[in-house]
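A, B, ... follow the sequence lines: proteins, then strands. Residue 1 opens every chain. Please read all numbers here as calculations on a predicted model, not as lab measurements.
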Amino acid sequence: MFGNKKNNNQGGSQNPNDPNFNSGRGGNNPSNTSGGGLVTTPPDVKQNLDDAESSYKSSGYNEARYSLQQAMLGVELEIGNQILKSLPETVTGLKKDTEADQVASMGWGWSGLMIQRDYTDGKDKMFGITIANNAVWLSAVNMYLSGGYGQTTGGDQNWKQIKVKGYRAIIEYDDSSGYKVSVPIGQSSLIVYEGVNFASEQEMMTASNVIDIDSIKTKLGEQ
Amino acid sequence: MKKLFIPIFILATAVSYGQEFEKNLTTARSAYNSGNLNDARFAMEQMLRDLDMAIGKEILKILPTKLGDRNFNEKDDNVTGSAMGVGSGLFVHRSYGEAAKSGDIEIINNSPMITSINAILALPFVGNSSDGSQKVVKVQGYKAVLNRNENSETGKAGYSLQVPLNNTLVVFNLLEASESEITQLANSIPLSKIQQMAQ
């Protein structure tokens, strides 16, 4: 009965943490063709605070911590959604792609909050915004800004320092991915604008200047 | 008099942590209800810190007070709770013995070291070094990495045992010890309880 079982795992990863995870069950196992996905309602902040309080009072500290993390996750997702709502409907003629809107949080302080919004012309032109708090990215950008890295006038200069709405930033260009503008804000946040199929640096800067950085900074609680 | 003073001090500390938690909870609730999400988040971060402190103090209660002939140094007991940054969360430290013949136990939540230790444990041929300075061992059923460090001046060996428990890392260091001594003493660390409490 099991003699024909084959391993159809080619192309999939066997690491459970990998997005392409494939457990290796193959052969005659049925494929999933229906199902409603996961419910994406953010955690109920008030309920989780109540749970945290009752667990704390009964000395269930790790349960209290779990509930508290869920409450923080709920608050961070709300903040992310508020920021998404505050972003403009269009940027230099490109319309927002609501389906691409994304807010992700780890529920651990700001260490994992990420907000994404894309604007497109429905063809091949795209302006993407990513608002993130990620120490790894931030240190790389700050190294460019404060590490005494110079700018060359000849050769293949593919990045330089600029200012966006008064904030020090880095603009980069790559033939395959287009323009990228990285703006560190406050103590630990970073805004990245990506422009695909933008004709010039000037066009990219015009689009980048549409976004109200001060408003995002205030909503993130950054100084 | 001194005997009476210590329990009163511990009780007062516990009450103050409890009060901080309650105070921050009130702030978080009122800030959230009035739509001030950043203040609510900040108050919750403080609560996480309060909880980590409470958990750390509970863990200190179950750590051994003596490791072989090394007594613990009560004054060095340290618990830190932090809601932000790398290695965020709980940090518990207890030291034993003195100077060259000392040791310590550390419990660290979300340590950046955990990934590399798990990688060593997953690949046995990487885990055991040919010079005998590193090997994979089992302590109370948990896989762990044991490192041997020789003091270049005295020539005496010390050991460091790292046990990853999901997102918690337990580190046990012992100076001037033998391999059998550290693995035997490691059995007095209640790993399963620590795992339960720190998660």
Side-chain angles (χ1 to χ4, degrees), chain A residues 14-15 17 42-83 105-113 133-136 139 186-189 217-223, chain B residues 14 17-22 24-33 35-59 61 81-90 109-110 112 115 118-119 122 166-168 193-199:
Chain A
Q14 287 193 302
N15 175 2
N17 296 320
D44 184 329
V45 175
K46 289 180 184 174
Q47 182 60 50
N48 276 297
L49 283 179
D50 290 347
D51 291 349
E53 184 180 24
S54 59
S55 297
Y56 183 82
K57 282 182 175 164
S58 59
S59 301
Y61 298 130
N62 56 356
E63 279 304 311
R65 186 166 61 180
Y66 175 79
S67 300
L68 198 52
Q69 282 171 354
Q70 289 293 303
M72 285 181 77
L73 181 63
V75 168
E76 291 191 348
L77 292 178
E78 278 186 45
I79 292 172
N81 283 324
Q82 278 190 358
I83 289 174
S105 167
M106 295 283 286
W108 277 99
W110 285 116
S111 56
L113 184 68
N133 177 279
N134 185 316
V136 181
S139 58
Q187 284 178 291
S188 57
S189 297
K217 193 175 159 187
T218 309
K219 287 190 171 64
L220 285 172
E222 288 280 12
Q223 293 300 315
Chain B
Y17 278 115
Q19 282 172 349
E20 281 296 304
F21 185 87
E22 297 286 343
N24 286 320
L25 179 62
T26 309
T27 309
R29 276 195 177 122
S30 64
Y32 182 74
N33 289 337
N36 189 344
L37 298 178
N38 284 307
D39 283 354
R41 180 185 62 83
F42 184 75
M44 289 181 197
E45 276 173 13
Q46 304 303 306
M47 287 164 71
L48 270 183
R49 189 203 57 194
D50 296 338
L51 279 173
D52 279 334
M53 296 290 283
I55 291 169
K57 284 177 183 293
E58 292 293 309
I59 289 177
K61 284 182 197 164
S82 151
M84 301 282 279
V86 178
S88 60
L90 177 70
N109 261 11
N110 302 310
T115 316
N118 276 328
N166 205 338
N167 68 335
T168 306
K193 275 190 184 166
I194 291 172
Q195 183 179 22
Q196 237 172 18
M197 292 164 81
Q199 296 293 298

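Nearest approach of A:M72 to B:E45, heavy atoms of both residues: CE-CG, 3.5 Å. Scanning both residues, A:N62 and B:M197, for their nearest heavy atoms gives CB-O, 3.6 Å. Pairing each heavy atom of B:F21 with each of A:A52, the nearest pair is CZ-O, 4.3 Å.
Heavy atoms closer than 4.5 Å to chain A are found in both the backbone and the side chain of B:M47. With a 4.5 Å cut-off on non-hydrogen atoms, B:E58 touches chain A through its side chain but not through its backbone. Contact of B:D39 with chain A is not made at all, since no heavy-atom distance falls under 4.5 Å. A:T218 touches chain B through its backbone: at least one of N, CA, C or O sits under 4.5 Å from a heavy atom, while the side chain does not. Residue A:E63: no heavy atom, backbone or side chain, is found under 4.5 Å from chain B.
No side-chain heavy atom of A:N48 sits under 4.5 Å from any side-chain heavy atom of B:M44. Proximity of B:L37 to A:K219: side-chain heavy atoms (C-beta onward) are nowhere separated by under 4.5 Å.
The structure places OH of A:Y61 at 11.0 Å from CG of B:D50, a figure rounded to the nearest 0.5 Å. Note that the CG atom of A:L68 and the CD atom of B:Q46 stand 11.0 Å from one another [nearest 0.5 Å]. The CZ atom of B:R41 sits 6.5 Å away from the CD atom of A:E76 when rounded to the nearest 0.5 Å. Expressed to the nearest 0.5 Å, how far CG of B:L48 lies from CD of A:Q69 amounts to 5.5 Å. Here CG of B:L25 is found 6.0 Å from CG of A:L49. Values are rounded to the nearest 0.5 Å.
The number of heavy atoms from other shown groups lying within 6.0 Å of CZ (B:F42) does not exceed 12.
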